[in-house]
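Notes for the one structure printed next.
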Amino acid sequence: MDFGRFGSAPSGTRIGFENGAVVVPDDPVIPFIRGDGTGPDIWKATQAVLDAAVRTAFGGKKQIVWFEVFAGETAKNRFDDWLPQETVDAITHFRVAIKGPLTTPVGGGFRSLNVTLRQLLDMYACIRPVRYFDNVPSPMKRPQDVDMIIFRENVEDVYAGIEWRAGSPEADEMIATIARLGKKVRAGSAIGVKPVSEIGSKRLIRKAIRFAIDHGKPSVTLVHKGNIMKYTEGAFRDWGYELAKAEFPDHTIAEADLGSAAPPPGKVVIRDRIADSMFQQALLRPKEYSVVATTNLNGDYLSDALAAQVGGLGMAPGSNEGTEHAVFEATHGTAPKYANLDKINPGSLILSGVMMLEYLGWGEAAKRVEGAMRKTLAQKVMTYDLARQTEGATEVGTSGFAQALIGNL
Ligand code: NAP
């Protein structure tokens, strides 16, 4: 298949989609974006580790066929286009992609890859697993107690981009409309709108509950601010309980129905926590939390706060997932001052690659990379960011860290 300025895709097989699930061939074509700044360094390390893991796990029976596509500064320099249509087309067609960090241009007039793809492919779930690897420096006394996975709604809430500048005709018209509806907003205020729908909330919560059931997780916690925002955040909570009861009655039980009894074996406990209390719980009793499902803004704050508890963004992976598309990504930025120095920590993109392998159903390869990460860090072999806070560490560069991981696969 031809992708315009990028030429033909390499020969391999497109990931299919049948009966509500992706169908993964042994030679899937996967588009990748190296990214800007330190992106090429961390991509090189990631590709080497993922290929070696797939080879070791499947002895040549399976192989990823990589297809390079472009976005960000690299695309601007090469094609005078921050986001070539060919990139959008390739990711849409091949269904699964992985990307390094991209420069966000200052000023308007460009399309953001993340926002464009999220909207176009309706990738409504931002998924961030947060777990601790021994020896990673952390501000917590017991960072190993954190083992959570955040399902953050990705397209609604105050991120829907509906807001008007203070004093603009649109804001003034909204204030007048609100007055007609019997509520008062101070004249001259800026106005933002927070849409939260039943369908949008339920599909996100459904994904979280399904994940908990499939992975034997003990609970799904609905995090919301429904005590203040009853019809948006409060509805998110109510729709969550309603969905669990209607669609997963044999696999879930509401915390309120449990009383003081222990949960029956095999049942996922559905409970809710108010967002501010959840931030306290995450610090004080992290062991009690597993899968979290939450609205967009809460999830943004909570996932970065939790990543900090286990040692920071350099190690935090993430994905954007819809019904039949998924894009895996480094969660940090381009760290441009370290570009081409072979210095930066590739952990975030490599662990996003682990999520991708799991998504493909190639769990054996995913387990090997995660095991190698644990072993390498246990040996105190680390990039500068972790080594500078760890006594007795052996500091290695980006490629050296990848080689150590491959040696430990
Ligand atoms: P950044 O690139 O994340 O870097 C800030 C600092 O965080 C770095 O100087 C470094 O700290 C540390 N850091 C980040 N990634 C690391 C890694 N892999 N290993 C070790 N340390 C790491 O944030 P920024 O400087 O604010 O943003 C730079 C550019 O990236 C901007 O154009 C921004 O818009 C873009 N950005 C893109 C994405 C994305 O594509 N998803 C996300 C965020 C930002 P030290 O200097 O202390 O070592």
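- With hydrogens and angles ignored, the 3.5 Å screen pairs no side-chain donor or acceptor of Lys380 with any backbone N or O of Leu377.
- The side-chain heavy atoms of Leu306 and Ile150, taken from C-beta on, include a pair separated by under 4.5 Å.
- Aromatic ring orientation, Phe79 versus Phe6: tilted (interplanar angle from 30° to 60°).
- You'll find the ring centres of Phe3 and Phe94 inside the 6.0 Å limit.
- Side-chain atoms of Asp36 and Thr74 form a donor-acceptor pair, as typed in the model, at a separation below 3.5 Å.
- Proximity of a side-chain donor or acceptor of Arg95 to a complementary backbone N or O of Val22 within less than 3.5 Å is not detected.
- Ring geometry for Tyr359 versus Phe328: interplanar angle over 60°, hence perpendicular rather than tilted (30 to 60°).
- Inter-residue side-chain proximity for Glu233 and Thr295 is flagged as met; some heavy-atom pair is nearer than 4.5 Å.
- Closest non-hydrogen pair, Leu386 versus Val136, comes out as CD2-CG1, 4.0 Å.
- Note: Leu357 CG to Glu370 CD = 11.0 Å, rounded to the nearest 0.5 Å.
- Side-chain contact between Met278 and Val292 is present, with heavy atoms from C-beta onward closer than 4.5 Å.
- Using a 4.5 Å heavy-atom cutoff, the side chains of Glu255 and Ile270 are not in contact.
- Both the sub-6.0 Å distance and the 45° axial angle are satisfied by Arg374 relative to the ring of Phe133.
- In terms of heavy atoms, Thr38 sits closest to Ala335 at CG2-O, 3.3 Å.
- At distances below 3.5 Å, at least one donor-acceptor pair connects side-chain atoms of Ser352 with backbone N or O atoms of Glu329.
- Checking side-chain atoms of Ser138 against main-chain N and O of Gln309 turns up a donor-acceptor pair under 3.5 Å.
- Shown here for Thr383 and Pro346, the closest heavy-atom pair between the two residues is CG2-CD, 4.1 Å.
- Val23 is not listed as a side-chain neighbour of Ile15, based on a closest heavy-atom distance of 4.5 Å or more.
- Ile209 contributes atom CD1, which lies 6.0 Å from atom OG1 of Thr252 (distance to the nearest 0.5 angstrom).
- A salt bridge links Arg128 to Asp304: at least one charged side-chain nitrogen sits closer than 4.0 Å to a carboxylate oxygen.
- For the pair Ala293 and Val220, the tightest heavy-atom approach, listed with the atom from each and the gap, is CB-CG1, 4.4 Å.
- With hydrogens and angles ignored, the 3.5 Å screen pairs a side-chain donor or acceptor of Glu156 with a backbone N or O of Ser197.
- Judged by distance alone, with hydrogens and angles left aside, the side-chain atoms of Thr398 form a donor-acceptor pair with the main-chain N or O of Lys343 at under 3.5 Å.
- The side-chain tip of Lys207 does not point at the ring of Phe151 from less than 6.0 angstrom away and within 45° of straight on.
- Looking at Gln389, its side chain does come within 3.5 Å of a backbone N or O of Asp385 through a donor-acceptor pair.
- Geometric assessment of Lys62 against the ring of Phe58 yields a positive cation-pi assignment under the 6.0 Å and 45° thresholds.
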Inset, instruction - Check the pair Asp214, Arg210 against salt bridge (charged side-chain N to carboxylate O under 4.0 Å, His left out), reporting the backbone distance first and the verdict last. - result: CA-CA 6 Å; Asp214 291 347; Arg210 241 188 222 134; over 6 Å; no
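- Ring planes of Trp66 and Phe32: perpendicular class, angle over 60° (limits at 30 and 60°).
- Counting only N and O atoms by type, the side chains of Asp51 and Gln63 include no donor and acceptor under 3.5 Å apart.
- No side-chain donor-acceptor contact under 3.5 Å links Asp81 to the backbone of Ala75.
- At a threshold of 4.5 Å between non-hydrogen side-chain atoms, the residues Thr87 and Leu83 count as touching.
- For Ser168 (side chain) and Ala171 (main-chain N/O), a donor-acceptor pair under 3.5 Å exists by modelled atom type.
- Looking at Asn296 and Arg152, their side chains come closer than 4.5 Å, going by heavy atoms from C-beta outward.
- Within the 3.5 Å criterion, the main-chain N or O of Ala52 finds a donor-acceptor partner in the side chain of Thr56.
- A cation-pi arrangement, defined by a distance under 6.0 Å to the six-membered ring centre and an angle within 45 degrees of its axis, is present between Arg271 and Tyr289.
- A side-chain N or O of Asp272 and one of His224 form a donor-acceptor pair less than 3.5 Å apart.
- Counting heavy atoms from C-beta outward, Ser290 and Lys217 have side chains that approach closer than 4.5 Å.
- If you check the side chains of Trp43 and Gln47, you find a donor sitting under 3.5 Å from an acceptor.
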